[in-house]
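Inspection log for the structure reproduced underneath, given as structure tokens.
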Amino acid sequence: MSKPTPLSGFPELLPAQRFVEQAVTDRLRRTFELHGFASLETRAVEPMDQLLRKGETSKEVYVLHRLQEETGGQGTGMGLHFDLTVPFARYVLENAGRLEFPFRRYQIQRAWRGERPQEGRFREFTQADIDVVARDVLPFHFDVEVARVMAEALSALPLPPMRLRVNNRKLIEGFYRGIGAPDPAVVITIVDKLDKLPAEEVARLLVDDGGLDEAQAKQCLALAEIESTDGSFADRVRDLGVRHELLDTGLEELAAVMRGCESVNGDRFQVVASLSLARGLDYYTGTVFEIYMDGFENLKSVGGGGRYDALASDGKTTYPGVGISFGISRTLVPLLQRGLLGSDRSVPSAVLVALADEESRPDSDAIAQRLRARGIATEVAANPQKFGKQIRYAERRGIPFVWFPGAGDGTDQVKDIRSGDQVDADPGTWSPPDEDRTPRIVVTTENEEQQ
RNA sequence: GUGGGCGUAGCUCAGCUGGUAGAGCGCCUGGUUGUGGUCCAGGAGGUCGCGGGUUCAAGCCCCGUCGUUCACCCCA
């Protein structure tokens with residue numbers, strides 16, 4: 001069999017990289033749970049009609065069918081989910097009678113999209129979502145809470161600083177109605193292209209496709225330009241002189257989110273009111289979020305979310321929600337591939353017990369067991385090679401300590417192969433420094449890389 | 001789906017106007033006979049993505065194909 005080539009869009013990590021990914025998900029999980037979010041996993045597949053509803057028609061869903069199905073058959077009618085929000089909404093409806101509301105959950109899981117892969121964009125990827133869902137009414141303070149929890153979670157990760165851009169659908173829709181736009185939804189999708197097209201181009205689209213006149217288009221761009229890290233955006237919006245009830249509501253909500261997030265601002269995280277933000281998905285009804293990673297603006301948003309008041313509804317009861325998701329693969333894989341993030345070991349082992357000869361393997365095994373019993377990850381050398389080879393075996397894998405049974409007059413010795421220090425040691429009492437118990441994440445900044 | 005770039009050793013890549021396949025790193029052995037990293041000497045490893053064409057001769061030119069990558073689209 002010839003060497004298989006990688007499948008584009010289906011990233012697979014090396015052990016040292018996988019350790020980083022696991023460490024990141026562990027930390028996310030810890031933060032989410034500290035805030036009382038329960039873990040949830042939903043099945044990988046959903047019925048196609050679930051996946052394709054709610055303005056998701058453009059999604060490139062991977063459809064399931066059985067290999068031996070009659071040709072021309074209708075398939076199974078199931079597809080792989082492409083995000084975690086839609087399956088969650090379905091799950092809430094299905095289990096509404098057994099859940100306590102407001103229900104908060106986190107979900108760290110894979111999703112699939114059949115789109116063309118690019119850096120940070122994959123066909124199979126992992127994301128971390130938090131959502132809060134209530135029955136009938138979801139108090140607004142949850143909009144603030146999900147933002148704060150995600151901010152806290154991301155600040156704790158060994159990643160570049162993040163920026164959370166926030167806007168409010170009511171605000172911009174109210175504004176567009178206030179200036180007399182015939183179809184606010186169209187205006188939203190056009191304004192959303194501002195980060196890709198020059199302003200003049202967007203202005204022309206607003207006139208040609210949005211049905212606005214020049215003055216209205218100018219107003220829209222003026223609104224989109226507004227950005228602030230505090231509540232000052234509100235005055236600048238009001239200065240534009242547009243009046244609409246929905247606009248006022250949106251301004252109040254966005255101001256509330258900004259106020260609520262003040263304390264999470266810092267070196268590692270910044271919350272920005274950004275009035276150009278719209279998001280393509282049409283199920284968002286109020287607050288919308290997008291996350292950006294400093295220095296990686298080319299990846300576009302690495303997370304996003306918002307409030308969806310009507311995504312989950314069984315006809316009688318609606319379950320409004322608000323949530324935010326973070327792209328684990330999207331952020332981690334580019335950093336890992338560029339070598340900006342890694343770990344100092346490819347194995348969990350902190351200690352390699354050397355093997356003098358095959359006959360003494362039980363002795364080495366016994367030492368390893370005593371270390372493991374005290375929580376020290378330990379492996380025994382694969383072969384009784386010359387000790388130089390065994391040290392090199394450890395060195396290649398990043399294992400910091402090599403244990404020599406009966407090295408000094410029958411006393412065991414342990415060597416820190418980084419410093420070369422070798423000391424007498426007892427497997428019943430010796431411990432590595434805490435920082436050596438598990439692999440460590442190694443962060444290289446872009447600047448260091450260039451030097 | 002549309003358009004461009006790129007497929008040569010495990011990895012990163014070089015290979016001139018077409019003339020018998022190269023480097024660095026890594027790997028293996030020895031120097032160093034239970035203590036690695038440095039150094040020295042030696043060694044293994046290639047259907048040049050695949051198929052066809054042009055030519056005395058193709059890694060190089062042409063066509064096709066597959067893979068990969070970037071952009072559009074869309075988004076985590």
Side-chain angles (χ1 to χ4, degrees), chain A residues 2-11 14 28 55-61 81-86 107-130 150 154 162 189 192-193 195-197 277-282 284 288-293 296 298-306 323-334 337 339 352 354-357 360 364 381 383-408 413-423:
Chain A
S2 59
K3 184 183 173 182
T5 57
L7 254 185
S8 176
F10 294 84
L14 293 170
L28 289 172
E56 302 283 347
T57 46
S58 67
K59 288 297 181 317
E60 305 212 21
V61 172
H81 61 235
F82 53 81
D83 70 3
L84 303 180
T85 307
V86 170
Q107 200 167 337
I108 299 175
Q109 213 176 321
R110 285 205 206 274
W112 295 266
R113 285 183 200 176
E115 293 167 320
R116 280 289 170 86
Q118 253 170 63
E119 185 180 37
R121 186 176 67 181
F122 308 103
R123 290 176 159 169
E124 178 178 68
F125 56 94
T126 303
Q127 59 181 86
D129 278 40
I130 53 173
M150 190 55 88
L154 297 183
M162 302 280 175
T189 58
D192 197 34
K193 296 183 190 303
D195 62 338
K196 195 150 299 178
L197 299 176
L277 186 65
R279 289 187 65 74
L281 303 182
D282 64 6
Y284 292 119
V288 284
F289 303 111
E290 271 188 5
I291 306 170
Y292 288 80
M293 185 160 64
F296 293 83
N298 61 308
L299 294 178
K300 305 296 176 194
S301 66
V302 299
I324 186 162
S325 73
F326 171 70
I328 294 179
S329 305
R330 183 161 206 163
T331 48
L332 246 39
V333 173
Q337 280 176 348
L352 174 76
L355 187 60
D357 47 52
S360 58
S364 291
N383 300 302
Q385 293 172 294
K386 291 197 282 189
F387 282 172
K389 293 282 171 56
Q390 298 191 36
I391 290 170
R392 197 167 64 178
Y393 173 102
E395 201 255 330
R396 294 284 150 82
R397 290 163 176 75
I399 302 171
F401 294 96
V402 176
W403 192 282
F404 296 103
Q413 293 192 329
V414 66
K415 179 190 189 78
D416 181 335
I417 65 172
R418 298 160 300 188
S419 63
D421 296 344
Q422 186 166 333
V423 296

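Just so it is clear: chains get the letters A, B, ... in the order the sequence lines come, proteins before strands, and each one is counted from 1.
- Contact check, A:Lys389 against B:C28: no side-chain N or O comes under 4.0 Å of OP1 or OP2.
- Here A:Arg330 lies in heavy-atom contact (under 4.0 Å) with a base.
- Comparing the P positions of B:G24 and B:U33 gives an interatomic distance of 28 Å, to the nearest angstrom.
- Closest approach of A:Ala128 and A:Met150 over heavy atoms only: O-CE, 3.8 Å.
- Rounded to whole Å, atom C1' of B:C70 lies 14 Å from atom CZ of A:Phe122.
- Residue-to-nucleotide contacts include no donor-acceptor pair under 3.5 Å from the side chain of A:Arg116 to the base of B:C73.
- For A:Ser8, a side-chain nitrogen or oxygen approaches OP1 or OP2 of B:U69 to under 4.0 Å.
- Taking atom CD on A:Glu395 and atom P on B:G26, their separation rounds to 11 Å, with Å as the unit.
- In this structure a side-chain-to-backbone donor-acceptor pair under 3.5 Å is missing from A:Arg121 to A:Arg330.
- Within the nucleic acid shown, A:Ala356 comes within 4.0 Å of at least one base atom, counting heavy atoms only.
- Note: CG (A:Leu299) to P (B:C70) measures 11 Å, nearest angstrom.
- Geometrically, A:Arg397 engages A:Tyr393 in a cation-pi contact defined by less than 6.0 Å to the ring centre and at most 45° from the axis.
- When the P atom is used for both B:C73 and B:G67, the distance is 25 Å, rounded to whole Å.
- If A:Gly9 and A:Thr126 are placed on RNA chain B by their nearest nucleotide, the residue sitting closer to the 5' end is A:Gly9.
- Residue A:Phe387 places its side chain closer to B:G34 than to any other of B:A76, B:G36, B:G34.
- A distance of about 50 Å separates the C1' atoms of B:C39 and B:U55, rounded to the whole Å.
- Of the listed nucleotides (B:A76, B:G36, B:U68), B:U68 has the atom at the smallest distance from the side chain of A:Leu7.
- Here A:Gln118 reaches the OP1 or OP2 of B:A71: one of its side-chain N or O atoms lies under 4.0 Å away.
- Counting non-hydrogen atoms under 4.0 angstrom, A:Arg418 reaches a base of the nucleic acid.
- In plain terms, the two heavy atoms of A:Phe10 and A:Glu124 that are nearest each other are CD2-CB, 3.4 Å.
- Whole-Å rounding puts the A:Asn298 CG to B:A71 P distance at 8 Å.
- Nucleotide B:G42 has B:C28 as its partner under the Watson-Crick or G-U criteria, with both atom distances under 3.5 Å.
- One cannot find a donor-acceptor pair under 3.5 Å joining the base of B:C70 and the side-chain atoms of A:Arg121.
- Rounded to the nearest Å, the gap between the C1' atom of B:C6 and that of B:G15 is 16 Å.
- Residue A:Glu115 contributes atom CD, which lies 10 Å from atom P of B:A76 at whole-angstrom precision.
- Checking B:C56 for Watson-Crick or G-U wobble geometry (two distances, each under 3.5 Å) identifies B:G19 as its partner.
- Not one N or O on the side chain of A:Gln127 forms a donor-acceptor pair closer than 3.5 Å with the backbone of A:Asp83.
- Note: NZ (A:Lys386) to P (B:G31) measures 6 Å, nearest angstrom.
- Note: CZ (A:Arg396) to C1' (B:G26) measures 8 Å, nearest angstrom.
- Pair check for B:G64 finds B:C50; Watson-Crick or G-U wobble, both atom distances under 3.5 Å.
- Remark: B:A9 base-pairs with no nucleotide; criterion is Watson-Crick or G-U wobble with both hydrogen-bond distances under 3.5 Å.
- Rounded to an integer number of Å, the gap from CZ of A:Arg392 to P of B:G36 is 10 Å.
- One P atom belongs to B:C11, the other to B:G49, and the distance between them is 13 Å to the nearest Å.
- One donor-acceptor pair, N or O on each side, does fall under 3.5 Å between the base of B:U35 and the side chain of A:Gln422.
- When the P atom is compared between B:G59 and B:U35, the two are found 49 Å apart, to the nearest whole Å.
- Across B:C48 and B:G43, the matching P atoms stand 24 Å from one another, rounded to whole Å.
- Closest of all the heavy-atom pairs between A:Glu119 and A:Pro334 is OE2-CB, 3.8 Å.
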A:Phe125 and A:Leu332: CA distance, side-chain angles, deciding distance, side chain to side chain contact (heavy atoms under 4.5 Å, CB included) verdict: CA-CA 11 Å; A:Phe125 56 94; A:Leu332 246 39; over 6 Å; no
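- Nucleotide B:U2 is matched to B:A71 when pairs are restricted to Watson-Crick or G-U wobble geometry with both distances under 3.5 angstrom.
- For the P atom pair drawn from B:U65 and B:C70, the interatomic distance equals 23 Å after rounding to whole Å.
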